[in-house]
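Working notes for the structure below.
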Amino acid sequence: MSEFNLIAKYFTRNTKHTDLSVGDDAALIRVAQGRQLAISADMLVAGTHFFHDAPAYSIGWKSLAVNVSDMAAMGALPKWATLAIALPEVNETWLAEFSKGFFACAQAFDIDLIGGDTTKGPLTLSIQIMGEVPTGKAIQRNGAQIGDDVWVSGLIGSAALGLAHLQGKIALTEPTLSYCINALNAPTPRVALGLALRGIANSCIDISDGLTADLSHILKASNLGAKLSLENINCDDYLRTHLNDNNIQQCILAGGDDYELLFTAPKLQRDCIHQLSSQLQLPLSLIGETTPQLDLIITHCQKILNITKKGFDHFG
């Protein structure tokens, strides 16, 4: 199968938001008046971001979902994506499942695939995503204020627990096993929450490398510190019952791959955020507050934890 037949068969779909899509030297898109274009890119490499034998469908879903999560963190509405993919060989069974997963995510969040590239090489996926946000309304990392509440969505640590099982570090049983593997392979980007947080949150980031690592990005950009309580972080029952275990603490605080939203907001917004949690049927946990001191302090049962690893770092 030629490169162009491969693109036509597996990666060409009708588009909704695009003036000119796949098949030319460049795509043409039109941004609505009074909107800014939000752009982000992520690369996923086999053996680093996913196992070589991971289900192709889940690789397809996750490769786009992690990019959608970046749009959610900015309070942007995702609309367009490009996909550059390196393949060691043309495996049509794998491609069919990968494209199903990719386009299932694209359909779930109403995203057009508008271009990209294919080449031969080690399995690598490079996706650029674009979305729209009202001018001046994007939620940035540098907006946190002294005394802001620190919130996080969803259940934290489940994906890291699933990864630990696959690596043979722990043996999970059902139903925890299925839940954690699904959290790892098929994260749900919190787009609705991100859109709702415009005008409410002062800062926001999605959790990809680990809660403490990603919170540190907000704190550095905002020139602040924070105090967090481990017991206030919402997590799976298995993690909750082993909360005194240092490995479990590391799983929750530094595990990564959660793709939940971590945000800060004024205390006056608490009622509004609780209402959002109810409306979206999504747990939103108040886990701490920002401080003028530049350090990050995490406690459990009023004792300060010594967290040696903050999160994933490709070169750390």
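Computed over heavy atoms, backbone and side chain alike; hydrogens, waters and symmetry mates excluded.
Applying the ring-ring contact (aromatic ring centres under 6.0 Å, His included) test to residues at least two apart or on different chains, none of the pairs has a partner in residues 208-231. Annotation: salt bridge (charged side-chain N to carboxylate O under 4.0 Å, His left out) contacts involving residues 47-66, sequence neighbours excluded, comprise K62-D257.
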Could you go through the side chain to side chain contact (heavy atoms under 4.5 Å, CB included) check for L125 and M43 one step at a time? CA-CA 6 Å; L125 311 165; M43 184 181 296; over 6 Å; no
Given the rule in the side chain to side chain contact (heavy atoms under 4.5 Å, CB included) test, do I233 and L253 qualify, once you have shown the distances and angles that lead to the verdict? CA-CA 9 Å; I233 300 173; L253 295 169; 3.7 Å; yes
V90 and E92: CA distance, side-chain angles, deciding distance, side chain to side chain contact (heavy atoms under 4.5 Å, CB included) verdict: CA-CA 6 Å; V90 176; E92 291 203 58; 4.2 Å; yes
Kindly determine whether T290 and T264 satisfy side chain to side chain donor-acceptor pair (under 3.5 Å), including the steps that lead there. CA-CA 8 Å; T290 59; T264 75; over 6 Å; no
Stepwise, does the side chain to side chain contact (heavy atoms under 4.5 Å, CB included) test hold for L20 with I29? CA-CA 7 Å; L20 181 64; I29 60 177; over 6 Å; no
Please step through side chain to side chain donor-acceptor pair (under 3.5 Å) for the pair T18 and D112, ending with a clear verdict. CA-CA 7 Å; T18 309; D112 290 347; 2.8 Å; yes
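Here E289 pairs with K267 under the side chain to side chain contact (heavy atoms under 4.5 Å, CB included) rule; sequence neighbours left out. Residues satisfying the side chain to side chain contact (heavy atoms under 4.5 Å, CB included) criterion with S158, sequence neighbours excluded, are L155, Y179, C180, A183, D236. With sequence neighbours left out, the ring pair (Phe, Tyr, Trp, His ring centres under 6.0 Å) criterion links Y238 to H242. Partners of R198 by side chain to side chain contact (heavy atoms under 4.5 Å, CB included), not counting sequence neighbours, listed by chain and number: V133, P134, K137, I139, L195.
The side-chain contact (heavy atoms from CB on, under 4.5 Å) with F109 is formed by just one residue from the set V68, L64, L77; it is V68. Just one residue in the list I207, D214, D209 forms a side-chain contact (heavy atoms from CB on, under 4.5 Å) with L211, and that residue is I207. Across L262, T188, L193, a single residue satisfies side-chain contact (heavy atoms from CB on, under 4.5 Å) together with S153, and that is L193.
How far CZ of R13 is from CZ of F102: 10.0 Å, rounded to the nearest 0.5 Å. Residue D42 holds its CG atom at 10.0 Å from OG of S63, rounded to the nearest 0.5 Å. Distance CZ/R30 to NE2/H17: 14.0 Å, rounded to 0.5 Å. Taken to the nearest 0.5 Å, the OG atom of S58 stands 8.0 Å off from the CG atom of L184. Rounded to the nearest 0.5 angstrom, I170 CD1 and T176 OG1 are separated by 9.5 Å. Distance check: C105 SG to I111 CD1 gives 6.0 Å after rounding to the nearest 0.5 Å.
Both I156 and I298 belong to a common hydrophobic cluster when Ile, Leu, Val, Met, Phe, Trp and Tyr are linked at side-chain heavy-atom distances under 4.5 angstrom. L276 and M74 are assigned to two separate hydrophobic clusters, defined by single-linkage of ILVMFWY side chains at heavy-atom distances under 4.5 Å. When the side chains of ILVMFWY residues are joined at heavy-atom separations under 4.5 Å, either directly or via intervening members, M71 and L282 end up in two distinct hydrophobic clusters. Tracing side-chain contacts under 4.5 Å through hydrophobic residues (I, L, V, M, F, W, Y), one never reaches M130 starting from V66; they form parts of separate clusters. No path of Ile, Leu, Val, Met, Phe, Trp and Tyr side chains, each step under 4.5 Å between heavy atoms, connects I200 with V152, placing them in separate hydrophobic clusters.
In this structure the side chain of I287 never reaches within 4.5 angstrom of the side chain of S229, judged on heavy atoms. With contacts defined as side-chain heavy-atom distances shorter than 4.5 Å, the pair L239/L243 does not qualify. The shortest distance between side-chain heavy atoms of D149 and P266 does not fall below 4.5 Å. Counting only heavy atoms from C-beta outward, the side chains of F51 and N185 never approach each other to under 4.5 Å. Inter-residue side-chain proximity for L228 and V150 is flagged as met; some heavy-atom pair is nearer than 4.5 Å. Side-chain contact between L172 and L161 is present, with at least one heavy-atom pair separated by less than 4.5 Å. Side-chain contact between I304 and I297: present, with at least one pair of heavy atoms (C-beta onward) separated by less than 4.5 Å.
Under the 30°/60° scheme for interplanar angles, the aromatic rings of F263 and W151 are found to lie parallel.
Note on D110 versus K79: no salt bridge recorded, every NZ/NE/NH1/NH2 to OD/OE distance being 4.0 Å or above.
The 12-atom threshold is exceeded at CD of E174, counting heavy atoms of other residues, nucleotides or ligands nearer than 6.0 Å. Within 6.0 Å of atom CG in L28, more than 12 heavy atoms from other residues, nucleotides or ligands are found, so the atom counts as buried in its surroundings. Other residues, nucleotides and ligands place more than 12 heavy atoms under 6.0 Å from the CD atom of Q167. The local environment of CG in N14 is sparse, with at most 12 non-hydrogen atoms from other residues, nucleotides or ligands closer than 6.0 Å.
Across all their heavy atoms, A86 and P122 have their closest contact at CB-O, 3.5 Å. Nearest heavy-atom pair across P78 and I129 is CB-CD1, 4.1 Å. Between I59 and A54, the shortest heavy-atom distance links the atoms CD1-O, 3.6 Å. Nearest heavy-atom pair, P283 versus N234, reported as atom, atom and distance to 0.1 Å: CB-ND2, 3.3 Å. Minimum interatomic distance between L261 and A72 (heavy atoms only, all atoms of both residues): CD1-O, 4.0 Å. Nearest heavy atom pair, residue S216 against residue L296, reads OG-CD2, 4.1 Å.
Formation of a donor-acceptor pair under 3.5 Å by the R141 side chain with backbone atoms of L215 is not found in this model. Between the side chain of T82 and the backbone N or O of G116, no donor-acceptor pair lies under 3.5 Å. Side chain of Q145 to backbone of G143: a donor-acceptor contact under 3.5 angstrom is found. Checked by atom type and distance alone, the side chain of N91 pairs as donor or acceptor with a backbone atom of T93 at under 3.5 Å. Under a 3.5 Å cut-off, the side chain of S99 and the backbone N or O of A96 do form a donor-acceptor pair. In this structure, the side chain of Q128 does not engage the main chain of A81 through any donor-acceptor pair within 3.5 Å. For the pair W61 (side chain) and P187 (backbone), a donor-acceptor distance under 3.5 Å is present.
Within the cation-pi definition used here (under 6.0 Å to the ring centroid, within 45° of the axis), R190 does not qualify as a partner of Y259.
A side-chain donor-acceptor contact under 3.5 Å links H300 and N244.
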